[in-house]
Amino acid sequence: MAEPWQSRSRAGTWPLGRRAGRHALPVPSGAAALPDAALARLRDWAVAEAAPGRFLAWLAVTFGLGIVLYFAAEREPELWAAGGAAAASVLVVLATRGRGYSALVALGFAALAVGFFTATLRAHRVDHPILRQTAYGASLSGFVERREERERSDRIVLRVHAMEGTRADEKAERVRIAVRKGTAPPVGAFVTVKARLNPPLAPLRPGGYDFARDLYFHGIGAVGFALGAIKPATPPAPAGLWLRGAAFIDQMREAIDKRIRATLSGDARVIASALITGKRDAISATVSEAMYV
């Protein structure tokens with residue numbers, strides 16, 4: 001008598017007759033030709049994309065991909081390294097010019113490297129010191145780069161030449177200061193002022209408007225208000241060409257604003273001046289609310 005763990009019969013292969021009797025899966029008519037049709041369609045698309053002038057549009061894609069690679073970097077890239085890679089890729093493009101697909105591949109890598117270098121260069125140009133703690137009595141001197149007239153007060157952007165009275169190691173290059181109404185000096189003037197400075201304001205709520213980000217990309221590293229009178233001073237060096245141009249444009253804005261307010265009357269003059277010159281100091285609260293609705 002066979003034991004329970006022993007086989008009662010010998011194992012064998014699957015019967016040939018039984019295998020032959022099995023029916024194959026039904027295949028729809030024309031399904032066998034689908035892979036060939038798909039390959040033919042892909043080949044046609046590739047030929048169409050390789051037509052003269054089609055690869056030019058992909059340069060923008062690879063350029064943008066280089067910018068994406070910059071933001072994906074774990075740390076800030078060195079400017080010299082990014083610039084060297086971009087220059088080397090351009091040299092490779094010149095060396096492979098007229099060599100078919102090799103030139104196209106080199107051109108794609110060059111667009112990638114140039115996009116990465118552009119993002120790196122932009123970051124280095126925008127980077128500037130930011131005040132990290134409040135300065136209660138900072139003595140500032142510098143050139144007035146911008147002046148804004150508000151309903152209750154004026155604001156100026158000062159390009160700092162010297163900053164004293166702060167414990168911070170890094171000094172802000174530009175600060176925005178609120179001053180008393182009608183006391184803002186003209187653009188291009190060199191002044192001294194004592195002010196209380198604060199770090200740029202963070203968003204007031206999650207997902208809210210980021211004031212600090214906006215000020216950062218405007219080159220402003222601190223905000224505050226004047227504690228005393230703004231005094232004109234002798235500049236240590238003449239104002240640059242850009243600052244003289246800004247002063248000329250501000251004078252033109254003042255002349256246009258005076259002309260508009262002398263010609264028109266009522267809310268029409270302040271609205272016209274705000275749209276043309278950007279001066280919004282005389283807009284009433286009612287008109288301002290109506291414009292934002």
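All values derive from a computational prediction rather than experimental measurement.
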A.B. asks: Group every Ile, Leu, Val, Met, Phe, Trp and Tyr by side-chain heavy-atom contacts under 4.5 Å, then state whether Y70 and L112 land in the same group.
C.D. replies: yes
A.B. asks: Between E145 and R174, is there a salt bridge with N-O shorter than 4.0 Å?
C.D. replies: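 Counted as a salt bridge, because a side-chain N and a carboxylate O are separated by less than 4.0 Å.
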A.B. asks: Supply the atom-to-atom distance L59 CG to L104 CG, rounded to the nearest 0.5 angstrom.
C.D. replies: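 Atom-to-atom, L59:CG and L104:CG are 9.0 Å apart.
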A.B. asks: Of V175, V187, I230, V193, which is the lone residue that meets side chain to side chain contact (heavy atoms under 4.5 Å, CB included) with I156?
C.D. replies: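 Among V175, V187, I230, V193, the one meeting side chain to side chain contact (heavy atoms under 4.5 Å, CB included) with I156 is I230.
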A.B. asks: Assess whether a salt bridge exists between D257 and R261, defined as any Lys/Arg side-chain N lying under 4.0 Å from an Asp/Glu carboxylate O.
C.D. replies: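 Salt bridge flag = yes for R261 with D257.
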A.B. asks: Does H128 reach the main-chain N or O of A172 with its side chain, forming a donor-acceptor pair under 3.5 Å?
C.D. replies: no
A.B. asks: Would I67 and T118 count as a side chain to side chain contact (heavy atoms under 4.5 Å, CB included) here? Give the steps.
C.D. replies: CA-CA 8 Å; I67 298 176; T118 301; 5.6 Å; no
A.B. asks: Do the side chains of E254 and R147 get close enough for a salt bridge, i.e. N-O under 4.0 angstrom?
C.D. replies: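 Here E254 pairs with R147 in a salt bridge, since their nearest N and O are under 4.0 Å apart.
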A.B. asks: Count the heavy atoms of every other residue, nucleotide or ligand shown that sit under 6.0 Å from CD of E76, and state whether that count exceeds 12.
C.D. replies: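 Yes - once you tally the heavy atoms of other residues, nucleotides and ligands closer than 6.0 Å, there are more than 12.
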A.B. asks: Could you state the interatomic distance from CZ (F190) to CZ (R159), rounded to the nearest 0.5 Å?
C.D. replies: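 One finds 9.5 Å between CZ of F190 and CZ of R159.
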A.B. asks: L131 and P199: which non-hydrogen atoms are nearest, and at how many Å?
C.D. replies: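 Closest heavy-atom pair between L131 and P199: O-CB, 3.2 Å.
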A.B. asks: Is the side chain of T277 donor-acceptor paired with the backbone N or O of A274 at a distance under 3.5 Å, no angle test?
C.D. replies: no
A.B. asks: Looking at side-chain heavy atoms only, is the closest gap between R196 and L227 below 4.5 Å?
C.D. replies: yes
A.B. asks: Specify the closest pair of heavy atoms between G188 and F143, including all atoms of both residues, with the distance to one decimal.
C.D. replies: O-CD2, 3.6 Å
A.B. asks: How far apart are the closest heavy atoms of A110 and V93, and which atoms are they?
C.D. replies: CB-CG2, 3.5 Å
A.B. asks: Quick check: closest heavy atoms across T120 and F116, and the distance to 0.1 Å?
C.D. replies: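 Closest approach of T120 to F116: OG1-O, 2.8 Å.
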A.B. asks: With a sphere of 6.0 Å drawn around NE2 of H124, does it hold more than 12 non-hydrogen atoms of other residues, nucleotides or ligands?
C.D. replies: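 Buried by this count: over 12 neighbours within 6.0 Å.
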A.B. asks: One pair to check against side chain to side chain contact (heavy atoms under 4.5 Å, CB included): F117 and L79. What are the steps and the verdict?
C.D. replies: CA-CA 7 Å; F117 171 68; L79 183 62; 3.8 Å; yes
A.B. asks: Report yes if the side chains of V126 and Y216 come closer than 4.5 Å at any heavy-atom pair, otherwise no.
C.D. replies: yes
A.B. asks: At their closest point, which heavy atom of R213 faces which heavy atom of D210, and how far apart are they?
C.D. replies: N-OD1, 3.2 Å
A.B. asks: Are the side chains of D214 and Y209 in contact, using a 4.5 Å heavy-atom criterion?
C.D. replies: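 Heavy-atom side-chain distance check passes, below 4.5 Å.
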A.B. asks: Are the side chain of S273 and the backbone of R269 linked by a donor-acceptor contact shorter than 3.5 Å?
C.D. replies: no
A.B. asks: Between T263 and I260, is there a donor-acceptor pair closer than 3.5 Å when you use the side chain of the first and the backbone of the second?
C.D. replies: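 Flag not set: sc T263 to bb I260 has no pair under 3.5 Å.
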A.B. asks: Are L69 and F71 grouped together when hydrophobic residues (ILVMFWY) are joined by side-chain heavy atoms under 4.5 angstrom apart?
C.D. replies: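 They do share one cluster, since a chain of ILVMFWY contacts under 4.5 Å joins L69 to F71.
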A.B. asks: Please examine the side chains of I256 and R259, heavy atoms only from C-beta on, and report whether any two atoms are closer than 4.5 Å.
C.D. replies: no
A.B. asks: Verify side chain to side chain contact (heavy atoms under 4.5 Å, CB included) between L201 and N198, making sure each step is shown before the conclusion.
C.D. replies: CA-CA 8 Å; L201 184 64; N198 300 310; over 6 Å; no
A.B. asks: Please check if the number of heavy atoms outside F109 that lie under 6.0 Å from its CZ is greater than 12.
C.D. replies: no
A.B. asks: Any non-hydrogen side-chain atom of P200 less than 4.5 Å from a side-chain atom of I130?
C.D. replies: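 They are in contact (side-chain heavy atoms under 4.5 Å apart), so the answer is yes.
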A.B. asks: Roughly how far, to the nearest 0.5 Å, is the NZ atom of K171 from the CD atom of E173?
C.D. replies: 13.0 Å
A.B. asks: Does a side-chain heavy-atom distance below 4.5 Å link R180 with S153?
C.D. replies: no
A.B. asks: Applying a strict under-4.5 Å side-chain criterion to I, L, V, M, F, W and Y, I'd like to know whether Y136 and F225 cluster together.
C.D. replies: no
A.B. asks: Given the rule in the salt bridge (charged side-chain N to carboxylate O under 4.0 Å, His left out) test, do R146 and E148 qualify, once you have shown the distances and angles that lead to the verdict?
C.D. replies: CA-CA 7 Å; R146 190 162 62 247; E148 300 176 7; 3.7 Å; yes
A.B. asks: To the nearest 0.5 angstrom, please state how far the NZ atom of K194 sits from the CD atom of E164.
C.D. replies: 10.5 Å
A.B. asks: Can you list the steps and then say if F63 with L65 is a side chain to side chain contact (heavy atoms under 4.5 Å, CB included)?
C.D. replies: CA-CA 5 Å; F63 182 87; L65 183 59; over 6 Å; no
A.B. asks: Using the rule that Ile, Leu, Val, Met, Phe, Trp and Tyr join whenever any side-chain heavy atoms are under 4.5 Å apart, tell me whether M163 and V191 fall into a single cluster.
C.D. replies: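 Yes, M163 and V191 fall within the same hydrophobic cluster.
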A.B. asks: Examine distances only and state if a side-chain atom of R97 and a backbone atom of A103 form a donor-acceptor pair shorter than 3.5 Å.
C.D. replies: no
A.B. asks: Would the distance check show the side chain of R176 and the main-chain N or O of V223 forming a donor-acceptor pair, the cut-off being under 3.5 Å?
C.D. replies: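 A pair under 3.5 Å: no.
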A.B. asks: Quick one: are L197 and L140 in side-chain contact, heavy atoms under 4.5 Å?
C.D. replies: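 Yes, at least one pair of side-chain atoms sits under 4.5 Å.
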A.B. asks: Of the non-hydrogen atoms in A226 and V179, which two are nearest, and what is the gap between them?
C.D. replies: CB-CG1, 4.0 Å
A.B. asks: Taking C-beta and beyond as the side chain, do V144 and L158 meet within less than 4.5 Å on heavy atoms?
C.D. replies: yes
